[in-house]
There are 2 protein chains.
Amino acid sequence: MGQLEYHRLDKTLAQAADMCQKNGIKLTPKRSKLLTGLLKTDHAQSAYDLIEVMKLEYGETLQPTTVYRILDILSGENLVHKLHLSNRYIACSHICCDHGHDVPQFLVCDSCHKVVEISVDPDMIADFSRQANANHFVLTSPQIELHCRCQDCQSAAS
Amino acid sequence: MGQLEYHRLDKTLAQAADMCQKNGIKLTPKRSKLLTGLLKTDHAQSAYDLIEVMKLEYGETLQPTTVYRILDILSGENLVHKLHLSNRYIACSHICCDHGHDVPQFLVCDSCHKVVEISVDPDMIADFSRQANANHFVLTSPQIELHCRCQDCQSAAS
DNA sequence: GTTAAAAATGATACTTTGTATCATATCGCA
DNA sequence: TGCGATATGATACAAAGTATCATTTTTAAC
């Protein structure tokens, strides 16, 4: 599996349920399964990928509408992040962290969609924000996604 | 019109043709018109937006395939930039500059797709590159796109 | 000039991605 | 029990992007 060891999955899901409850959101079975699907991989998944996963892992046939709705909910709770570079989704890698969430920054492999969530100097963000303001823009999300190639895909290409 | 004053359009197109020629690429009439369409606005355009523009401005009906092909060509020549956040395209704002092209960085209004191309401290890019390497990724493009809201859309929303 | 290869564009059809809309089911609670 | 809110299903559609092959246009050699 991906970024998460098996024995941490339950703990993460419990934490996720807690986070939801605090905002009056329920982590329903389907939401939980979909989040699990994302937690089990470090490759960003498209909505239609996730439909496949749900089918294969749980025998459940979800409509696109449902999947997008669930992804919106989970994004709203900061349990998953939407990667706009590829229109794919990845579980937040800090669900179990006690420290407050940093601004999410991602290294995204353009080829296989492997993702690493990194942290970025807040000064850098402040700098971007200043630059935006100087151009009459307001930064609405400091999320940064960088075009990369992961090690595996580099080897494969060479 | 957008980012470009009328009297500079010809000069910019000539410069663009030069740049193409150096790489054995031709700036055909359709490519030129499509580039013009992009030069006339500071809002990123989708491929299908551009089909509309070509229809309205020149009465030419382009197939999606053709538009995507042309956009690839123009991107390859650094005459237009693809914004991956929104899958839209914008003319490079430095076609006429004599100085070498900086790494392109964009402030993108999530609402109306207005775009400003800014420049970013090369140290910052170097920093990203180092971080990528530390995570076994290689930065394939240092292009950064930031989620913003432009002044007009802020006013409209409030 | 003619012609053959290369480059550019057209046309058809299709796949993927995302959304609108209305229906149904489930849950919490009075 | 029954009512309102939340969650999910289902159908249909719209938008975005691609594969494939055909046709036209350019280029350059002869």
Side-chain angles (χ1 to χ4, degrees), chain A residues 16-17 20-38 43-55 58-77 79-80 82-90 108 110-113, chain B residues 16-17 20-38 43-55 58-77 79-80 82-90 108 110-113:
Chain A
C20 284
Q21 199 176 11
K22 283 191 181 107
N23 297 325
I25 301 283
K26 272 161 289 185
L27 192 63
T28 64
K30 289 189 197 296
R31 292 174 186 173
S32 176
K33 285 174 192 165
L34 208 147
L35 177 57
T36 301
L38 284 172
H43 289 67
Q45 306 287 308
S46 75
Y48 286 78
D49 288 343
L50 290 167
I51 289 177
E52 269 302 291
V53 169
M54 294 293 280
K55 183 70 191 173
Y58 303 104
E60 296 199 18
T61 305
L62 297 195
Q63 310 299 322
T65 317
T66 303
V67 170
Y68 282 109
R69 276 192 289 227
I70 291 179
L71 288 169
D72 280 349
I73 296 279
L74 296 176
S75 299
E77 299 305 305
L79 295 169
V80 318
K82 171 164 187 177
L83 300 178
H84 296 84
L85 283 195
S86 53
N87 289 334
R88 280 159 190 264
Y89 299 82
I90 190 104
V108 183
D110 288 331
S111 170
C112 75
H113 306 294
Chain B
C20 285
Q21 199 176 12
K22 282 188 182 111
N23 296 326
I25 300 284
K26 274 161 289 184
L27 191 64
T28 65
K30 289 190 198 296
R31 292 174 187 173
S32 177
K33 285 173 192 164
L34 207 148
L35 176 57
T36 301
L38 284 172
H43 289 66
Q45 307 286 307
S46 75
Y48 286 79
D49 289 342
L50 290 167
I51 290 177
E52 270 301 291
V53 170
M54 293 293 279
K55 183 72 190 171
Y58 304 103
E60 295 196 19
T61 306
L62 297 196
Q63 309 299 323
T65 318
T66 303
V67 170
Y68 283 109
R69 276 192 290 229
I70 292 180
L71 287 169
D72 280 349
I73 295 280
L74 297 175
S75 300
E77 299 305 304
L79 296 169
V80 318
K82 170 162 187 177
L83 300 177
H84 295 84
L85 283 194
S86 52
N87 288 334
R88 280 160 190 262
Y89 299 82
I90 190 105
V108 183
D110 288 331
S111 170
C112 74
H113 307 292

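Below, read A as the first sequence line, B as the second, and so on, with proteins coming before strands; counting in each chain starts at 1.
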Supply the atom-to-atom distance A:Y89 OH to A:S46 OG, rounded to the nearest 0.5 angstrom.
9.5 Å
In terms of heavy-atom contacts, A:L79 and A:C20 come closest through CD1-SG, 3.8 Å
Could B:R88 and B:D49 be called an ion pair, given the rule that one side-chain N must be under 4.0 Å from one carboxylate O?
yes
Under-4.0 Å side-chain N/O to phosphate OP1/OP2 contact, A:Y68 with C:dG18:
yes
Outermost nucleotides of DNA chain D that come under 4.0 Å of a non-hydrogen atom of chain A:
D:dA7 to D:dT11
What distance do B:E77 atom CD and B:L27 atom CG have between them, rounded to the nearest 0.5 Å?
9.5 Å
Summarise how protein sits on nucleotides 3-10 of chain C as a single string, 5' to 3': B when a protein heavy atom is under 4.0 Å from the base, S for sugar-phosphate-only contact, - for no contact.
----SSBB
Is it true that B:E60 and B:K33 have a side-chain N and a carboxylate O under 4.0 angstrom from each other?
yes
Any side-chain heavy atom of A:V80 within less than 4.5 Å of one from A:L35?
yes
Flag the pair A:K82 / A:L71 as yes when at least one side-chain heavy-atom distance between them is below 4.5 Å, and no otherwise.
no
Examine the side chains of A:K30 and A:T66 and answer whether a donor and an acceptor come within less than 3.5 Å of each other.
no
